[in-house]
Amino acid sequence: MNWTEPPCPWPEPRRAAACFSVDVDAMAPWLWQHRTALPDTLAAREHRQYGMRAGLARMVAMLDRIGVRGSFFVPACVAEDNPTLLPGLVERGHEIALHGYFHELVAETSDARFTDALERAIDFFVAQTGAKPAGFRSPAWEMTPHMLRELRRHDLWDSSLMGHDLPYTIDGVTEVPVRWDVDDAIFFKFLEPGDRPPRLTPEVAEGWRAEAAATVRAGGLFMLTVHDWISGHPARVEMLEALFADLAADPAVWVATCGEIAAHHADRTDGLEVALDPLTAIDERGPFHG
Ligand SMILES: [Zn+2]
């Protein structure tokens with residue numbers, strides 16, 4: 001239990017931070033889901049191709065227009081299938097970071113397979129861009145102690161967990177926290193009839209604007225996460241442009257990439273650090289005397 005307010009973690013004179021992050025999943029989750037045999041159907045795969053054909057370019061043009069650099073988390077297989085993707089993002093000054101090789105879901109991936117995928121993804125980024133990526137985001141935001149150890153071994157920061165409003169260090173790894181409530185998938189993802197109907201863009205715009213304003217007042221980090229194939233439509237890009245143009249115009253807000261935020265946290269000596277203490281299951285705690 002911590003009763004004290006943490007010191008302002010942002011570079012003076014900034015009092016809050018915001019980051020525009022994009023998980024460039026494209027076809028990867030569909031390919032992972034059907035990794036043993038691909039179905040002979042077109043709807044979902046065409047839907048997901050929208051990002052690489054139209055949505056991502058519209059989103060990047062918007063960021064360039066308002067002078068905001070985004071953080072793009074790219075499964076290596078997406079970069080493999082779209083060879084101009086990583087070089088094009090780097091050329092425009094955006095950040096690229098790891099997001100699995102095949103968007104491997106943690107519950108379906110052994111420790112050994114994770115290690116292999118991480119190493120192969122790093123090698124692939126180096127081969128395509130000439131530079132080692134500095135950060136990682138887990139597919140679907142699940143993590144394990146093994147994954148944290150591997151990130152530490154490769155000196156990578158992480159952006160997958162939600163243990164604080166502010167960047168923190170967990171088991172020696174810099175964590176730039178995410179939030180489900182400012183992720184486009186839970187509001188807009190709709191793949192087939194029967195899925196929960198998507199929310200209307202103006203409704204989400206109002207909610208995210210309120211979240212951003214409260215986060216800025218509280219001195220926190222507004223970490224938005226969107227996807228190439230979900231938020232690249234015109235109304236959603238317009239909504240994101242208005243939101244981030246306003247954040248970028250606020251002198252109190254540091255609009256930065258995930259990597260800049262991670263590096264700033266790593267340089268501090270007064271940031272929050274947590275250890276990954278083992279928990280004890282209830283039945284192993286001894287007899288219950290209540
Ligand atoms: Zn993803």
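Just the heavy atoms: all of them, side chains too, but no hydrogens, waters or symmetry mates, feed the values below.
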Worksheet entry | From CA spacing to verdict: side-chain contact (heavy atoms from CB on, under 4.5 Å), Met62, Leu240 | CA-CA 9 Å; Met62 176 277 283; Leu240 296 170; 3.8 Å; yes
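- Residues Leu38 and Leu191 fall into different hydrophobic clusters, defined by Ile, Leu, Val, Met, Phe, Trp and Tyr side chains chained together at heavy-atom separations under 4.5 Å.
- Nearest approach of Ser138 to Val106, heavy atoms of both residues: OG-CG2, 3.7 Å.
- Taking CG of Asp81 as the reference point, atom CE of Met52 lies at 10.0 Å (rounded to 0.5 Å).
- Residue Tyr101 is not grouped with residue Leu31 when hydrophobic side chains (ILVMFWY) are merged at heavy-atom distances under 4.5 angstrom, including chains of intermediate members.
- Between the side chain of Trp157 and the backbone N or O of Ala134, at least one donor-acceptor pair lies under 3.5 Å.
- Ile261 and Met162 fall within the same hydrophobic cluster, defined by Ile, Leu, Val, Met, Phe, Trp and Tyr side-chain heavy atoms under 4.5 Å apart, directly or through other members.
- Shown here for Phe124 and Ala79, the closest heavy-atom pair between the two residues is CE2-CB, 3.6 Å.
- For the atom pair CG (Asp228) and CZ (Arg58), the distance works out to 12.5 Å, reported to the nearest 0.5 Å.
- Side-chain contact between Pro7 and Arg268: present, with at least one pair of heavy atoms (C-beta onward) separated by less than 4.5 Å.
- Put simply, the side chain of Asn82 reaches to within 4.5 Å of the side chain of Val78, judged on heavy atoms.
- The aromatic ring centroids of Phe114 and Phe136 lie less than 6.0 Å from each other.
- Note that CZ of Arg236 and OG of Ser231 are 6.0 Å apart. Values are rounded to the nearest 0.5 Å.
- The environment of Asp270 atom CG is dense: over 12 non-hydrogen atoms of other residues, nucleotides or ligands sit within 6.0 angstrom.
- Residues satisfying the salt bridge (charged side-chain N to carboxylate O under 4.0 Å, His left out) test with Arg15, not counting sequence neighbours, are Glu12.
- Of the inter-residue distances, the one linking Leu151 atom CG with His146 atom NE2 reads 9.5 Å to the nearest 0.5 angstrom.
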Worksheet item: side-chain hydrogen bond (donor to acceptor under 3.5 Å, both in side chains) between Ser71 and Glu95: does it pass, once the steps are laid out?
Response: CA-CA 5 Å; Ser71 297; Glu95 172 177 52; 2.6 Å; yes
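- The NE2 atom of His227 sits 9.5 Å away from atom CE of Met59, with the distance rounded to the nearest 0.5 Å.
- In this structure, Leu200 is not a member of the same hydrophobic cluster as Val204, with clusters built from ILVMFWY side-chain heavy atoms closer than 4.5 Å.
- Nearest approach of Gly93 to Arg69, heavy atoms of both residues: O-CD, 3.1 Å.
- Using a 4.0 Å cut-off between charged side-chain N and carboxylate O, Arg120 and Asp116 make a salt bridge.
- Nearest heavy atom pair, residue Arg48 against residue Trp30, reads CD-CB, 3.7 Å.
- A chain of hydrophobic side-chain contacts below 4.5 Å, direct or via other Ile, Leu, Val, Met, Phe, Trp or Tyr residues, connects Phe188 to Ile186.
- A salt bridge is absent between Arg113 and Glu104: the closest approach of a Lys/Arg side-chain nitrogen to an acidic carboxylate oxygen does not fall below 4.0 angstrom.
- Ring planes of Trp180 and Trp141: tilted class, angle from 30 to 60°.
- Annotation: salt bridge (charged side-chain N to carboxylate O under 4.0 Å, His left out) contacts involving residues 145-164, sequence neighbours excluded, comprise Glu119-Arg153, Glu150-Arg153, Arg152-Asp171.
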Discussion item. Test side-chain contact (heavy atoms from CB on, under 4.5 Å) on Val226 and Phe20; report intermediate values, then the result.
Written reply: CA-CA 8 Å; Val226 295; Phe20 191 105; 3.8 Å; yes
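- Annotation: ring pair (Phe, Tyr, Trp, His ring centres under 6.0 Å) contacts involving residues 262-281, sequence neighbours excluded, comprise Trp254-His264.
- Residues satisfying the ring pair (Phe, Tyr, Trp, His ring centres under 6.0 Å) test with Phe187, not counting sequence neighbours, are Trp208.
- Between Asp64 and His94, the closest side-chain pair of non-hydrogen atoms falls below 4.5 Å.
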Practice prompt. Decide yes or no on side-chain contact (heavy atoms from CB on, under 4.5 Å) for Leu272 and Leu166, but give the supporting numbers first.
Written response: CA-CA 8 Å; Leu272 175 68; Leu166 303 173; over 6 Å; no
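- Residue Arg137 holds its CZ atom at 3.5 Å from OG of Ser159, rounded to the nearest 0.5 Å.
- Under the 4.5 Å side-chain criterion, counting only non-hydrogen atoms from C-beta, Trp229 is in contact with Lys189.
- Leu42 CG: more than 12 foreign heavy atoms inside a 6.0 Å radius.
- The aromatic rings of His103 and His99 lie perpendicular to each other, with more than 60° between the two planes, well past the 30° mark.
- Here the rule is side-chain contact (heavy atoms from CB on, under 4.5 Å) with Phe72, and of Leu85, Thr257, Leu86, Val60 only Val60 fits it.
- The main-chain N or O of Leu243 is never found under 3.5 Å from a side-chain atom of Asp246 such that the two would form a donor-acceptor pair.
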Fill in: Check against side-chain contact (heavy atoms from CB on, under 4.5 Å), Thr215 and Arg179
CA-CA 12 Å; Thr215 302; Arg179 291 171 53 170; 3.2 Å; yes
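- For the pair Gly219 and Trp10, the tightest heavy-atom approach, listed with the atom from each and the gap, is O-NE1, 2.9 Å.
- You'll find the side chain of Leu56 reaches within 4.5 Å of the side chain of Val24, heavy atoms only.
- Contact annotation: the side chain of Arg199 never approaches that of Phe190 to less than 4.5 Å [non-hydrogen atoms, C-beta and beyond].
- Here the side chain of Gln49 pairs no donor or acceptor atom with the backbone of Ala26 at under 3.5 angstrom.
- The side-chain heavy atoms of Thr129 and Ile96, taken from C-beta on, include a pair separated by under 4.5 Å.
- Glu211 contributes no side-chain N or O that, together with a main-chain N or O of Val182, makes up a donor-acceptor pair within less than 3.5 Å.
- Side-chain atoms of Cys258 and Met223, non-hydrogen and from C-beta on, do get closer than 4.5 Å to each other.
- In this structure Tyr50 satisfies the ring pair (Phe, Tyr, Trp, His ring centres under 6.0 Å) test together with His233, sequence neighbours excluded.
- Remark: Glu108 engages Trp32, Arg35, Leu105 in a side chain to side chain contact (heavy atoms under 4.5 Å, CB included) (not counting sequence neighbours).
- Between His34 and Pro39 the shortest heavy-atom distance is CG-CD, 3.4 Å.
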